[in-house]
Amino acid sequence: MTDPTTGVKTVSGGRASSAPLMGRDEEPTLFELSVTGRTAASFRTSGLPEWSAEELVPADHLQTEPTPVAEISERDLVAHFTRLTHRQYSVDLGAYPLGSCTMKYNPKLCDEAASLAGLANIHPAAPPSLTQGWLELLVELEDILCSITGMKAATLQPPAGAAGELTGLLLMRAWHAAQGRQRTKVIIPDSAHGTNPASVTLGGYQTVTVPSDERGLVDVAALRERLDDDVAGIMLTNPNTLGLFEEDIVEIAGAVHEVGGLLYYDGANLNAILGITRPGDMGFDIVHMNLHKTFAVPHGGGGPGAGPVAVSPRLAEYLPGPMPIRHDDGTYGWMTPARSIGRVHGWHGNGLALARAYSYILANGGDGLKRVAEAAVLNATWLRHRLRGTYDIPYDRPNMHEFVAAATNLKKAKGIKALDVAKRLLEEGFHAPTVYFPLIVDEALMIEPTETESPQTLVALAEALERIAADTGESAKAAPRTSPVGRVDEARAARQLIPTFDARPVTSTGDEAADTMESPAARF
Amino acid sequence: MGHFVPHTDAEIAEMLAFVGLSSLDELFEAVPAALRLAGGLDLAPGLSEPDVAVEMERLADANVAVGRDLVCFAGGGAYDHEIPSVVRRVAYRSEYVTAYTPYQPEVSQGVLQTLFEYQTLIARLTGLPIANASLYDGATACVEAVNLAVAATGNQRVLVSRGVNPQWREVVRTYAVGTGHEIEEIALEDGLTAWSSVSGSAGAVLVQYPNYLGCLEDLAEARRVADATGALLLVAFDPVAAGLVRSPGSYGADVVVGEGQPFGTPLGFGGPYLGLFACKQEHVRRLPGRLVGETVDTEGRRAYVTTLRTREQDIRREKASSNVCTNQTLIAVCCTIQLAWLGTAGLREMALRCARATRYTREAVLAIDGVGPLASAPVLREFAISLPNGMSGETVVERMADEGFLAGIPLGAEYGGGLLIAATERRTRTEIDAYAAALEKVVR
């Protein structure tokens with residue numbers, strides 16, 4: 001595309017296809033790099049008596065052989081892990097349009113904030129007199145999250161989204177119990193994330209599925225059929241996993257509340273509505289947020305995240321304790337709500353992840369967060385329009401921060417499946433979208449560009465997807481050809497489970513035979 | 001505002017025109033007008049990077065930090081260990097920090113192989129063949145262990161030693177309300193679980209090793225009691241102890257969980273930490289969370305991939321063995337790098353130094369008039385004391401902070417009060433001597 005101001009051609013900053021790699025050899029494991037007796041460790045000079053292990057540990061507890069770890073020099077250690085990072089895609093390398101995961105850019109100022117000694121080196125059991133800064137941060141963050149979601153009070157303890165869901169269901173359970181009733185069912189749409197039904201089971205409820213209608217939204221008539229006085233509540237993601245706003249949410253909330261049920265908001269897609277609308281205004285009673293999605297806490301290869309839960313006034317007294325509070329004199333302390341469900345984390349939640357999110361929110365402010373939602377929705381909308389005609393768009397209506405395309409026709413015409421599109425996109429220098437989810441769409445490609453990708457990157461991504469659609473089936477099946485490994489044999493991994501280095505089958509190769517020779521030349 | 005949104009006004013106008021709209025507002029037409037937030041969010045406007053830094057530093061300065069302001073003698077599941085420079089410099093590389101869950105293995109071999117190495121290390125430390133790719137923290141790892149045991153035995157009676165960290169026990173109780181497990185506690189006798197008080201059948205026996213008071217539990221006896229009740233033996237272990245003592249697996253533990261914070265994770269006001277989880281082979285189909293396995297690619301090269309995926313929530317949904325999705329991968333990476341840096345000899349040396357510092361501190365503290373041991377059972381890297389004149393642990397901690405020490409963790413009424421004290425390999429003779437002198441002054 002061209003610069004709208006100067007007319008000069010512009011290039012994507014989010015395409016990683018230039019990333020250099022040195023070769024395609026396997027990286028040895030730590031254990032193969034080990035040499036007996038080698039170590040990198042060093043310790044502080046303590047001046048303490050050098051009691052032996054035998055003097056310190058009762059004989060029946062003392063180990064007879066040291067626990068084998070790895071024995072490696074610091075130089076080799078750093079090289080090993082650095083090479084491993086060269087075999088890893090990341091947001092910092094390029095665009096990551098993984099639907100439902102909100103892989104936005106993670107600002108570095110948040111990393112700096114989380115590594116401040118005054119935040120990182122605080123013991124969680126230290127009394128409030130020593131932790132006023134942390135308590136203030138947590139109270140402020142709770143207030144902000146309530147303001148963003150339209151709720152009354154929040155807990156920051158849940159360490160991830162799924163933990164937030166379970167916390168929310170336990171709150172739901174405690175609330176119903178306090179009303180003197182035992183309910184058994186929680187309703188979930190067929191487009192829901194898998195964590196929802198899994199959490200429902202752990203919350204002691206049965207999952208009842210409500211279908212989506214032809215619009216891709218909750219079928220309200222079907223929902224009404226399922227509502228009775230045995231329904232504890234409903235869990236909804238809004239916008240849902242198709243990227244569509246549940247337009248009937250007010251009617252849904254009314255119907256659920258009418259039978260005495262509660263509404264649970266799965267905040268996986270909160271990025272779409274920041275500053276636009278709030279779950280509290282839609283009628284939700286319980287909201288979890290994924291700070292690692294919406295508020296830019298980096299995903300860390302799968303975690304840590306943070307999954308705070310905010311609630312409406314009637315549920316506030318059930319929240320996990322202890323909760324950070326602001327006293328009337330302006331100091332901070334802890335308080336456990338009267339009917340608390342109890343702790344859901346060993347300490348106070350993923351503190352340093354909370355600090356990252358707090359700094360991100362400060363940097364954006366109320367105005368910036370609204371711009372986040374606007375740009376996220378604009379990017380997804382633009383890409384849906386651009387890809388019309390190239391891919392199937394099963395629900396081709398105004399989307400929010402993400403949309404679901406499908407490879408149904410590509411599969412029919414050339415045998416190119418959603419999985420093949422994903423693998424080919426890796427060759428093009430982009431991470432793949434989420435594939436085969438939501439389950440209600442055949443050959444689904446769930447695409448969430450996020451707000452931090454530029455229009456140039458969207459164009460490059462669209463062009464890549466268009467090239468893939470123009471591919472031959474054979475070419476798509478062979479992908480990816482540029483990554484450190486080709487398609488991996490997942491079936492074999494499950495069939496012949498090798499979960500540790502020590503579980504590897506012992507095989508003898510020519511190389512190993514040479515290694516055992518006593519000649520120094522052969523050994524080094 | 002919007003530091004991280006790259007779009008220029010001209011670009012926004014072009015993109016809107018392409019999709020047939022004339023304003024950003026029109027993007028949200030699916031949101032009913034009554035639900036639209038008229039004035040935007042009621043939050044302060046965005047700050048510049050240096051302004052955010054000033055505010056975050058103000059909050060950080062309002063805390064009294066370990067190292068900068070205080071010498072730390074507190075533990076209880078969160079320890080002040082040395083974190084070598086390589087951990088931060090390498091684990092905090094962008095590729096580890098900003099990757100997602102390795103759903104596309106071809107471009108995720110870095111995280112996958114690191115997790116494979118992590119699983120290998122945790123398996124070796126616990127003495128069990130299977131370790132998962134991490135859980136949230138020690139407390140929630142206990143919950144998952146209990147759920148596995150109940151599913152495996154079909155018995156919802158869960159026996160938890162009072163030697164297990166009280167906060168972890170509380171978390172187990174919180175989650176048991178949903179699953180309907182019956183949690184019963186086993187009392188302590190002179191610092192150790194009173195196994196003789198156990199009767200009847202059970203699905204799980206959970207014990208901590210060394211326990212919350214620092215004492216070395218008799219795991220052989222725990223195994224016998226578990227067998228007698230038909231329960232699985234779940235051991236919450238301290239991974240640092242693995243440098244000196246026999247592994248829980250060697251005593252026949254079915255599941256071993258633990259808190260991985262001691263290896264490469266700062267105190268961080270309690271998180272993010274690392275839930276360790278390992279089990280026997282026979283329980284692998286009930287393993288919670290992710291598991292990485294070795295396999296090959298199309299050309300026969302060694303490769304790694306998340307495996308036995310059908311256990312997990314995104315596939316099995318309401319029948320999943322756990323609801324865990326996001327875990328603590330980055331913390332597992334830190335743990336792996338720190339363990340590799342320590343090496344076999346370094347892990348033993350670290351454990352030995354903790355034990356020496358603990359012995360020295362214990363002797364110095366017990367020499368103070370009126371201070372006594374809360375238990376006489378042998379300890380390893382942490383110990384509990386009783387205080388003179390009914391003085392509370394809270395008071396001691398407050399007063400010791402003025403002397404420059406985080407004195408320990410006050411013990412609750414179930415332990416009869418007192419103070420829990422930990423000394424890691426970071427503590428020197430000079431620091432410990434000064435600590436004991438200050439404590440003597442404070443309790444006088």
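Every chain is numbered from 1, with letters handed out A, B, ... down the list of sequences.
Using modelled atom types, one side-chain atom of B:Q119 and one backbone atom of B:V292 make a donor-acceptor pair closer than 3.5 Å. Looking at B:T326, its side chain never comes within 3.5 Å of a backbone N or O of A:G303 through a donor-acceptor pair. A donor-acceptor pair under 3.5 Å is formed between the side chain of B:H3 and the backbone N or O of B:L47.
Contact annotation for A:Y96: only side-chain heavy atoms (C-beta onward) come within less than 4.5 Å of a heavy atom of chain B. Using a 4.5 Å cut-off between heavy atoms, A:A174 does not touch chain B at all. Contact of B:E312 with chain A is not made at all, since no heavy-atom distance falls under 4.5 Å. Neither the backbone nor the side chain of B:R173 has a heavy atom closer than 4.5 Å to any heavy atom of chain A. Contact annotation for B:V305: only side-chain heavy atoms (C-beta onward) come within less than 4.5 Å of a heavy atom of chain A. Of the two parts of B:L339, the backbone and the side chain both hold a non-hydrogen atom closer than 4.5 Å to a non-hydrogen atom of chain A. Using a 4.5 Å cut-off between heavy atoms, A:L244 makes no contact with chain B at all. Proximity to chain A (any heavy atom under 4.5 Å) is shown, for B:T120, by both the backbone and the side chain. Proximity to chain A is limited to the side chain of B:V86, based on heavy atoms less than 4.5 angstrom apart. Residue contact with chain B, scored on non-hydrogen atoms closer than 4.5 Å, involves the backbone and the side chain of A:D281 alike. Using a 4.5 Å cut-off between heavy atoms, A:E165 makes no contact with chain B at all. Heavy-atom distances place the side chain of B:L24, and not its backbone, under 4.5 Å from chain A. Heavy atoms of B:T114 lying under 4.5 Å from chain A belong to its backbone as well as its side chain. For B:A401, the part sitting under 4.5 Å from any heavy atom of chain A is the side chain, from C-beta outward, and nothing else. With a 4.5 angstrom heavy-atom cutoff, B:E106 touches chain A via backbone and side-chain atoms both. Contacts between B:A357 and chain A at a heavy-atom distance below 4.5 Å involve backbone atoms as well as side-chain atoms. Both the backbone and the side chain of B:E57 come within contact range of chain A, judged by heavy atoms closer than 4.5 Å. Heavy-atom distances place both the backbone and the side chain of A:M282 under 4.5 Å from chain B. Interface residue A:L497: only side-chain heavy atoms are found under 4.5 Å from chain B. At a 4.5 Å heavy-atom cutoff, the contact between B:P129 and chain A is made by backbone atoms alone. Residue A:A503: no heavy atom, backbone or side chain, is found under 4.5 Å from chain B. Proximity to chain A is absent for every atom of B:D61, based on heavy atoms less than 4.5 angstrom apart.
Put simply, of A:S46, A:P58, A:G37, A:S199, the one with the most heavy-atom pairs under 4.5 Å next to chain B is A:S46. For the options B:L330, B:V245, B:T307, B:T101, heavy-atom pairs under 4.5 Å to chain A are most numerous at B:V245. In terms of non-hydrogen atom pairs under 4.5 Å with chain A, the most contact-rich of B:T329, B:V52, B:L43 is B:T329. Your options are A:L169, A:T207, A:L166, A:V200, and the one with the most heavy-atom pairs under 4.5 Å with chain B is A:L166.
Proximity of B:Y273 to A:H345: side-chain heavy atoms (C-beta onward) are nowhere separated by under 4.5 Å.
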Residue pair B:R301, A:E26: steps toward the salt bridge (Lys or Arg N to Asp or Glu O under 4.0 Å) verdict: CA-CA 7 Å; B:R301 284 174 303 207; A:E26 296 169 357; over 6 Å; no
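Taking the six-membered ring where tryptophan is involved, the planes of A:H385 and B:F18 are perpendicular, since the angle between them exceeds 60° and thus also 30°. Taking the six-membered ring for Trp and thresholds of 30 and 60 degrees, A:H292 and A:H299 have ring planes more than 60 degrees apart, a perpendicular arrangement. Using bins of under 30°, 30° to 60° and over 60° for the plane-to-plane angle, the ring pair B:F4/A:Y105 lands in the tilted bin.
With no hydrogens or angles considered, no side-chain donor-acceptor pair links A:Q132 and A:E136 at under 3.5 Å. Under 3.5 Å, the side chains of A:H123 and B:D80 contain no donor-acceptor pair of N or O atoms.
For A:D502, the CG atom sits in a packed shell: over 12 heavy atoms of surrounding residues, nucleotides or ligands are nearer than 6.0 Å.
Taking a cutoff of 4.0 Å between a charged side-chain nitrogen and a carboxylate oxygen, A:E451 and A:K104 qualify as a salt bridge. Salt bridge annotation for A:R504-B:E294: present, with a cationic side-chain nitrogen under 4.0 angstrom from a carboxylate oxygen.
Between B:F28 and A:F245, the ring centre distance reaches or exceeds 6.0 Å.
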